[in-house]
Protein chains: 2
Amino acid sequence: MTTKNVNPNVSVDCVVFGFDNERLKVLLIEQKLSDKEKVQLALPGDLIVDDEGLDEAANRVLFEISGLSGIFLQQYRAFGDPDRVSDIKDLDWLKSYRSNPQARVITVAYMALVKMEDFSPEASSFAERVFWQDIEETPQLAFDHNKILFEALERLRDDFVNYKTGFELLPEKFTLGHIQRLYETILGKDLDKRNFRKKILKEKLVSPTNQKQTGVLHKPAVLYKLNHEKV
Amino acid sequence: MTTKNVNPNVSVDCVVFGFDNERLKVLLIEQKLSDKEKVQLALPGDLIVDDEGLDEAANRVLFEISGLSGIFLQQYRAFGDPDRVSDIKDLDWLKSYRSNPQARVITVAYMALVKMEDFSPEASSFAERVFWQDIEETPQLAFDHNKILFEALERLRDDFVNYKTGFELLPEKFTLGHIQRLYETILGKDLDKRNFRKKILKEKLVSPTNQKQTGVLHKPAVLYKLNHEKV
DNA sequence: TTTCGCAAGTGTAAAATTTACACTAAGTTT
DNA sequence: AAACTTAGTGTAAATTTTACACTTGCGAAA
């Protein structure tokens, strides 16, 4: 916790999606309820402090809870139902660290997508544990966090449908199959290999290197690299 | 003003676009600065109260300031730079009705698009005047309201590019020319008449009636009507 | 009553994009 | 040597997008 005044009415929550070349996951935290044995799962999030911007708050909170930094967090909307924090078990936990747990909290939701291998979350602050959860098996989360997560996923897919994002999630050298698997994972459906390749290559965002995969148990694929970003 | 406790940290701002079959306008309010003669222009907006949802707050605030109700307001993002309310003249005015004008306020921004003829804004609450301002000639607004407005316009155009919205802004009977003018107004560019008609008619959202325009000084156009909404 | 101005209304060809679809190639493992 | 696995490749059909110019019917003006 910081020493600055927290703003008791506004929080940020971060939906950090992670891709491991295989599955789509989301960063969750586990926190102990005050009295009981029970634990609570939630998205990383906390109240903002008075002199920081929302974007700044999102980055700080994510860092304080999970140790992750340098992630581009994109705001996608605010949630503010007066009863979004209403569940008994939620309140029970809230009481343990907030002075006025009844007050309604507006939360501003942020979203990011990262390569899992680049980040090793480590729990701190009030988080007992931080971990990557497979998106297909999302458990019940605290407050309205399931809703916040669901809308983040919708937004993420929207960003992918025009086929121009996501390359930054791949290793430095990658195959076209890797990109396709990424798209199939995010969009949740299969894509035609030939059509996909045509489309990706037409975008001119990647170029072939003169290297190939090694040590794979099939025909080795040509490795591609990302072209220099245009600012 | 309501008698309930206002939340001193969170406000809503409403960007209400109005279309008058000709131009795109935005609803602005004018408020007096405390001491001086000067006036301040702004988007309708105010602090939320403690037991209302954000959507509810947006509708309430818009109603209290302008008398408008029954408008579908869509949230599009939150703004929360700590110094978004920093201008001297802004503060000067703020002091006149807020107990703690220094405090940072997060604002949640809402957007709507309406037929101007359906709504007659009337100033109340702290607004001296409420009026429709042509979007092409937007003046300097209070706080970061120019930015909030600009982003709303971007979002509005995004919603129009797939050609499937906006019909609700037209009169009950309308011509294809009306729709085209609407699209040209929102998108801010000219469209090919034949191609536009093809596209609109293919969507099957409108059907021709057996009536035509009267009293126009050119060939009268067939009037169309909106098909029954599908839920 | 003729002429003029104005927006309505209409079709086609070329280009670009999207979609569906099946076999061979080059490695590793057995 | 056979089996397995993913890489890699081309084409035809369908659909969508784009560019483009003249005639029609009304009211207003001459």
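As a basis for the values below, the full set of heavy atoms in this structure was taken, side chains included, without hydrogen atoms, waters or symmetry mates. All chains are named by letter (A, B, ...) in the order of the sequence lines, taking the proteins before the strands, and each is independently numbered beginning at 1. Keep in mind that this is a model prediction, so the values were computed, not measured.
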Distance-only side-chain donor-acceptor flag, B:Thr165 / B:Asp159, under 3.5 Å: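 Per modelled atom types, B:Thr165 and B:Asp159 side chains form no pair under 3.5 Å.
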
Distance-only donor-acceptor test, B:Lys193 side-chain atoms vs C:dA8 base atoms, 3.5 Å: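 Per atom types, the contact qualifies.
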
Stepwise side chain to side chain contact (heavy atoms under 4.5 Å, CB included) check, B:Asn21 with B:Phe174: CA-CA 10 Å; B:Asn21 293 319; B:Phe174 51 85; over 6 Å; no

Rounded distance in Å - [atom1] ([X]) to [atom2] ([N]):
| X | N | atom1 | atom2 | answer |
| --- | --- | --- | --- | --- |
| A:Leu217 | C:dA26 | CG | C1' | 12 Å |
| B:Arg194 | C:dA7 | CZ | P | 17 Å |
| B:His178 | C:dA7 | NE2 | C1' | 11 Å |
| B:Tyr224 | C:dA8 | OH | P | 11 Å |

Residue pair A:Arg60, A:Glu52: steps toward the salt bridge (Lys or Arg N to Asp or Glu O under 4.0 Å) verdict: CA-CA 9 Å; A:Arg60 174 186 59 78; A:Glu52 68 187 347; 2.7 Å; yes

side-chain hydrogen bond (donor to acceptor under 3.5 Å, both in side chains) between A:Asp46 and A:Ser11, intermediate numbers included: CA-CA 5 Å; A:Asp46 200 3; A:Ser11 66; over 6 Å; no

More than 12 heavy atoms from other groups under 6.0 Å of NZ on B:Lys115: yes

Enclosure of A:Glu122 CD (heavy-atom neighbours >12, cutoff 6.0 Å): no

Geometric class of the B:Tyr183/B:Tyr163 ring pair [parallel <30°, tilted 30-60°, perpendicular >60°]: parallel

Earlier contact from the 5' end, DNA chain C, for B:His218 and A:Lys219: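 Its nearest nucleotide being more 5', the pick is B:His218.
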
A:His145 side chain vs A:Ala42 backbone, donor-acceptor pair below 3.5 Å: no

Row check, A:Phe19 ring normal vs A:Arg23 NZ/CZ: under 6.0 Å, within 45°: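 No, A:Arg23 does not lie over the aromatic ring of A:Phe19.
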
Distance under 6.0 Å and angle within 45° of ring axis: A:Arg129 vs A:Phe131: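 Positive - A:Arg129 is close enough to the ring of A:Phe131 and near enough to its axis.
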
Worked verdict on B:Arg77 versus B:Glu151 for salt bridge (Lys or Arg N to Asp or Glu O under 4.0 Å): CA-CA 9 Å; B:Arg77 66 162 287 197; B:Glu151 294 206 14; 3.5 Å; yes

Please tabulate the protein-to-nucleotide N/O contacts below 3.5 Å involving nucleotides 15-19 of chain C, giving atom names and distances.
{"unit_1": "C:dT19", "atom_1": "O4", "unit_2": "A:Lys198", "atom_2": "NZ", "d": "2.9"}

Residues in contact with DNA chain C, drawn from residues 184-192 of chain B - heavy-atom cutoff 4.0 Å: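 None, since no heavy atom is under 4.0 Å.
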
First-last contacting nucleotides on DNA chain D - partner chain B, under 4.0 angstrom, heavy atom: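 From 5' to 3', the first and last contacting nucleotides are D:dT17 to D:dG27.
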
